[in-house]
Amino acid sequence: EQLAQVGTIYDSGRHLLSLVEELLESREGENLRIDVTGAGVGIPAAQLGAVFEKFTQLKTADVVTAGLAPQESVFAPSLALTGGYGLEWRVMIQLKNLSKTYSTRGVEHTALEDVSLTIEDGDIFGIIGISGAGKSTLVRCINLLEKPTSGSVVIDGVDVTAFEGRQLSDLRATIGMIFQDFNLFAQRTVLENVTFPLEIRGDDRADRERHGMELLDLVGLSAKAKQYPSQLSGGQQQRVSIARALANHPRVILCDEATS
């Protein structure tokens with residue numbers, strides 16, 4: 001189906017919903033493609049869905065089930081609306097001239113030097129290198145667990161390199177991370193580890209436990225929900241880490257040797 005390119009809106013977020021509403025109203029009934037890039041501001045998916053429901057046959061529920069919970073914030077979405085019937089979220093990652101230098105006892109060590117790459121929406125992208133080449137550092141720079149010394153991280157057209165506080169939290173909520181060494185909480189049960197991101201987000205306990213059990217079932221560990229990480233094998237702990245990475249319905253998953 002041919003789509004009419006309506007254009008791209010770059011907005012601080014304050015007037016984003018009204019701008020989308022104005023576009024939909026003026027082009028009602030046409031096949032539209034609207035790309036919306038927010039500047040890191042959170043917009044509840046239910047609010048965004050209500051705007052589309054007003055002018056199209058796309059319902060709020062369709063927005064919510066496109067990988068977002070009703071009150072989950074949309075971070076810098078690239079949103080394609082097709083004829084009022086389809087909704088798609090697209091993410092692109094760009095690293096521009098990225099460098100990372102560590103200083104130990106006055107001696108500098110360069111982990112990354114002038115790295116540039118583009119990862120398109122839908123790509124399964126592998127980073128290969130010898131031990132110590134900087135693979136983990138590069139991956140951790142994408143979600144800013146490591147701050148680059150220079151260069152920039154651009155996600156869906158938004159430079160996120162300088163993000164702090166709430167902006168950074170909203171960004172990380174959209175990016176799942178599977179760590180090489182699991183990074184599970186020893187004092188929390190398997191289920192509590194999986195639901196930790198949902199707890200931080202403020203989800204209701206019953207809802208997060210229900211979703212956590214679904215994820216544990218997905219990785220074949222529902223019977224281990226009440227056990228602790230120390231009672232699991234290494235492979236089982238890694239599957240808990242995978243389940244936790246999926247808890248927030250991330251649009252990007254970073255895997256640091258996830259099957260090692």
Side-chain angles (χ1 to χ4, degrees), residues 13 38 40-50 59-77 79 87 89 91 139-140 142-145 155 160 163-256 258-259:
V41 66
I43 301 170
Q47 287 185 23
L48 192 59
K59 302 301 182 185
T60 301
D62 296 324
V63 178
V64 173
T65 56
L68 297 167
Q71 298 305 317
E72 187 172 351
S73 293
V74 179
F75 169 78
L79 182 150
L87 183 69
W89 300 97
V91 177
V139 169
R140 290 167 68 90
I142 295 175
N143 62 0
L144 301 177
L145 287 176
I155 297 181
V160 302
F163 275 17
E164 299 283 354
R166 179 59 185 272
Q167 280 189 319
L168 184 56
S169 296
D170 285 349
L171 167 66
R172 288 176 178 163
T174 69
I175 302 176
M177 179 80 178
I178 303 171
F179 296 92
Q180 184 176 2
D181 53 358
F182 318 143
N183 279 13
L184 301 178
F185 296 105
Q187 293 78 26
R188 283 176 167 260
T189 66
V190 166
L191 179 59
E192 288 169 342
N193 268 280
V194 172
T195 60
F196 181 70
L198 307 178
E199 183 179 336
I200 293 298
R201 197 173 69 187
D203 286 16
D204 176 77
R205 180 173 180 174
D207 289 341
R208 65 177 187 253
E209 288 186 352
R210 175 188 52 77
H211 184 46
M213 288 304 299
E214 291 172 352
L215 291 169
L216 286 175
D217 186 59
L218 179 68
V219 298
L221 289 176
S222 56
K224 305 287 186 180
K226 294 183 179 180
Q227 294 188 7
Y228 290 86
S230 61
Q231 298 174 290
L232 304 182
S233 68
Q236 289 173 329
Q237 290 184 54
Q238 189 63 293
R239 281 187 276 160
V240 175
S241 179
I242 292 170
R244 180 181 60 189
L246 296 173
N248 265 336
H249 299 289
R251 294 192 294 280
V252 176
I253 297 180
L254 304 178
C255 307
D256 190 357
T259 58

Could you walk me through whether Leu218 and Leu246 pass the side-chain contact (heavy atoms from CB on, under 4.5 Å) test, one step at a time?
-> CA-CA 10 Å; Leu218 179 68; Leu246 296 173; 3.9 Å; yes
Atom pair CG (Asn183) and CD (Gln237), whose distance is rounded to the nearest 0.5 Å = 11.0 Å
Looking only at heavy atoms, the pair that brings Arg208 and Thr195 closest together is O-CG2, 3.1 Å
Atom CZ of Phe179 and atom CZ of Arg244: how far apart are they, to the nearest 0.5 Å?
-> 6.5 Å
Which atom pair, heavy atoms only, marks the closest approach of Lys226 to Thr189?
-> O-CG2, 3.8 Å
What distance do Glu199 atom CD and Glu192 atom CD have between them, rounded to the nearest 0.5 Å?
-> 8.0 Å
How long is the span from the CG atom in Leu232 to the CD atom in Gln238, to the nearest 0.5 Å?
-> 12.0 Å
Minimum-distance pair of heavy atoms, taken over all atoms of Val194 and Ala247 = O-CB, 3.6 Å
Could you walk me through whether Lys224 and Arg239 pass side-chain contact (heavy atoms from CB on, under 4.5 Å), step by step?
-> CA-CA 11 Å; Lys224 305 287 186 180; Arg239 281 187 276 160; over 6 Å; no
Starting from the C-alpha separation in whole Å, work towards a yes-or-no answer on side-chain contact (heavy atoms from CB on, under 4.5 Å) for Ile175 and Ile155.
-> CA-CA 11 Å; Ile175 302 176; Ile155 297 181; 3.9 Å; yes
Just how far is it from atom CG of Asn193 to atom OH of Tyr228, taken to the nearest 0.5 Å?
-> 10.0 Å
Report the C-alpha distance between Leu144 and Arg172 in whole Å, list the side-chain angles of each, state the deciding distance to 0.1 Å, and finish with yes or no for side-chain contact (heavy atoms from CB on, under 4.5 Å).
-> CA-CA 8 Å; Leu144 301 177; Arg172 288 176 178 163; 4.2 Å; yes
Closest heavy-atom pair and its distance - Ala243, Leu215 = O-CD1, 3.4 Å
In terms of heavy-atom contacts, Leu254 and Val139 come closest through CD1-O, 3.5 Å
Compare every heavy atom of Pro229 with every heavy atom of Arg188, then report the nearest pair and how far apart it is.
-> O-CD, 3.2 Å
What distance separates Cys255 SG from Met177 CE, expressed to the nearest 0.5 Å?
-> 8.5 Å
